[in-house]
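Quick caveat, the model's predicted, so the values are computed rather than measured.
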Amino acid sequence: MSEKIATRDVYGKTLVELGRTREDIVVLDADLSKSTKTALFAGEYPQRFFNMGISEADMMGTAAGLAASGYISFVSTFGVFAAGRAYDQVRNSIAYTRLNVRIVATHAGLTVGEDGASHQTLEDIALMRVLPNMTVVVPADGYQTRQALFELVDYPGPVYLRLGRPKVPRVILEGTVFQVGKGQLLKEGRDVALIATGIMNGMALEAAAVLKGEGIDAAVVNIHTIKPLDRRLLSEVAADTGAVVTAEEHSVIGGLGSAVAEVLAETCPVPMLRVGVKDSFGESGAPDELMQKYGLTSFHLVEAARSVLRAKKKKEGRPPK
Amino acid sequence: MSTLSVAEIENLKSTARKLRRDIIEMVYRAGSGHPGGALSVLDILVVLYYKVMCIDPASPQDRERDRLVLSKGHACPALYAVLADLGFFPSDWLWELRKTGCPLQGHPDMRKTPGVEMSTGSLGQGLSAANGMALAARLDNSGRRIFAILGDGEIQEGQIWEAALSASHFRLDNLTAVLDYNGLQIDGWLRDVKSLEPVAEKWKAFGWNVLEVDGHDYTSLLEAIKKALEHRGAPSMIIAHTVKGKGISFMENQPDWHGKAPGEEEYRQALAELDTQEGEGVR
Ligand SMILES: Cc1ncc(C[n+]2csc(CCOP(=O)(O)OP(=O)(O)O)c2C)c(N)n1
Ligand SMILES: [Mg+2]
């Protein structure tokens, strides 16, 4: 594994790269450009950057207006404000209108750390994926963030791209193809499938290695696109393994786990457990400590895998009717 | 509450220096936090908490207490320092700021910290909550008073102006808002990012009784608060001109000190400056 890098840092650099050839890209921020890293774009292309001040709702509407006039709007603030504060503006001015607005939200999830619950969105995936027309992408690492940005520039309609605050390890191998809506089998396995999004992919790979030591062959699937969801891949791995664990830095209500459960309930119901935050707000603390406290580590994934395997055995052992 | 005597002013200054030490110490030990806005709002909190508000740390849920909503929630180290000094909770709590499992959150949490009246941190929401508290006081036929502290960057939020309309429409004269007008937000000076001016005229146009003061001068602050509390028929807005990072030379008026903790060297220097001020009797 190479050195760690924050997805928001990659975002800032990639925006500058994209802005060089694409004069139709405009960027908006709400007084967080140093944190979201749109400040880099602002430095290079000041005339195509709009700092809207601390006015997220106004910013979403303005981005819609620019998009309705032919521009591709990249809008950034923290996830909690992008998805939460300005929800109705996103719904009515951006999603309903199917405009080319790319909402790039940083500081998602518990790993915001010390700022605490008011700044840790654990609901944004749920809020965004329920909106018609919205594409929801959560890259696994910096490498995938860059790939996703290049793909999403011209992807039709509105997009929510979920990024984080901390530096995260590389998990996606060089040359892995990124395609919106296509999940990635990071590791094959027969016994149980660990289905992860965002930074939980790294932990899923670690968990798979631990499980291997116990003789359990775990598959790892990266669902970087929560919407549109790769129904086919999900149904296949569920059928192949017969046991599923999902992992997300988000509430277990409405996020990846819910989305996967919705698909599998209709196509291939198997024993399943969702690893994520259990219907609670976060709190202040060091990111690693919070991930531990709220049950979001590879250890918790291993536990969940063992337990879902017990359920699978029980089901298989059931006498035929 | 009359005008301040020389001795009273000296006392307040001395308290403020101690609280500034606490703020620096807290943020240093936490390794993160917002010193700039905490230092700019501190003197406003000192006058309100030590000279104006009716509160009893021994019964923080007393129905008749005055209420203060720190709408610019990131400045909570200042609020926590005051609340600890007044005895709402033990001073040791201050040194656990922002640590996992501790009651003092990175942004104020009314369910975790005694004396905190409203959970804030998402800017622009506190004035509406204060309006609700003012309406409740009126329904209760209570003389309790409601204070809301707003950041200047914060009032770029549309909700503030919705609340501004509500407060004057409902003639909430039991509500006093204070604007911590330090001129800075995260991305720089407000005049460059998104200007508020003419800000006094805006609040006047929204139906408020507007006063303007030096937000670090206790006598003028108290005078303005008194006038605000006496004013009938409309809410009052005190525009307090402040200095972000007030009291620590290298933090004053520096956008960089909005949201970062001092390193060891800076921490020592900050405390040394406060010690010198104590010796010289200046603020
Ligand atoms: C709704 C919302 N948007 C953005 C932020 C991030 N943020 C925290 S403090 C701050 C700047 C606040 O500036 P100001 O109100 O002037 O505070 P002060 O200068 O007193 O620190 C911003 C943008 C937030 N907390 N809430
Ligand atoms: Mg300010």
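- Applying a 4.5 Å heavy-atom cutoff, the residues of residues 48-60 of chain A that approach chain B are A/Asn51, A/Met52, A/Gly53, A/Ile54, A/Ser55, A/Glu56, A/Asp58.
- Figure legend: cation-pi geometry between B/Lys260 and B/Trp257, with NZ or CZ positioned under 6.0 Å from the six-membered ring centre and within 45° of its axis.
- The pair B/Glu25-B/Arg29 meets the salt-bridge criterion, since a charged nitrogen lies less than 4.0 angstrom from a carboxylate oxygen.
- Between A/Glu114 and B/Lys99 there is no salt bridge, since no side-chain N of the basic residue sits under 4.0 Å from a carboxylate O of the acidic one.
- For a residue to count as touching a neighbouring chain, one of its non-hydrogen atoms must lie under 4.5 Å from one of that chain's; by this rule B/Glu154 touches chain A with the backbone only.
- The pair A/Asp24-A/Arg22 meets the salt-bridge criterion, since a charged nitrogen lies less than 4.0 angstrom from a carboxylate oxygen.
- Only the backbone of B/Thr120 comes within contact range of chain A, judged by heavy atoms closer than 4.5 Å.
- Ion pairing of B/Arg98 with A/Asp115 is present here, as a side-chain N (NZ or NE/NH1/NH2) and a carboxylate O approach within less than 4.0 Å.
- Only the side chain of B/His34 comes within less than 4.5 Å of a heavy atom in chain A; its backbone stays farther off.
- Among the candidates B/Gly124, B/Gly158, B/Gly101, the residue making the largest number of heavy-atom pairs closer than 4.5 Å to chain A is B/Gly101.
- A salt bridge between B/Arg268 and B/Glu264 is present, with a side-chain N of the basic residue lying under 4.0 Å from a carboxylate O of the acidic one.
- No donor-acceptor contact under 3.5 angstrom links the side chains of B/Asn131 and B/Ser166, judged on distance only.
- With a 4.5 angstrom heavy-atom cutoff, A/Lys34 touches chain B via backbone and side-chain atoms both.
- A/Gln120 is not listed as a side-chain neighbour of A/Phe281, based on a closest heavy-atom distance of 4.5 Å or more.
- Taking chain B as the reference chain and counting heavy-atom pairs below 4.5 Å, the highest number among A/Gly285, A/Ser284, A/Ala286 is found for A/Ser284.
- Looking at B/Pro35 and B/Tyr28, their side chains never come closer than 4.5 Å, going by heavy atoms from C-beta outward.
- Across A/Leu32, A/Val80, A/Leu290, the residue that shares the most heavy-atom pairs under 4.5 angstrom with chain B is A/Leu32.
- Looking at B/Ser32, the atoms closer than 4.5 Å to chain A (heavy atoms on both sides) all sit in the side chain, from C-beta outward.
- A salt bridge does not link B/Asp43 with B/Lys246: none of the charged nitrogens is closer than 4.0 Å to a carboxylate oxygen.
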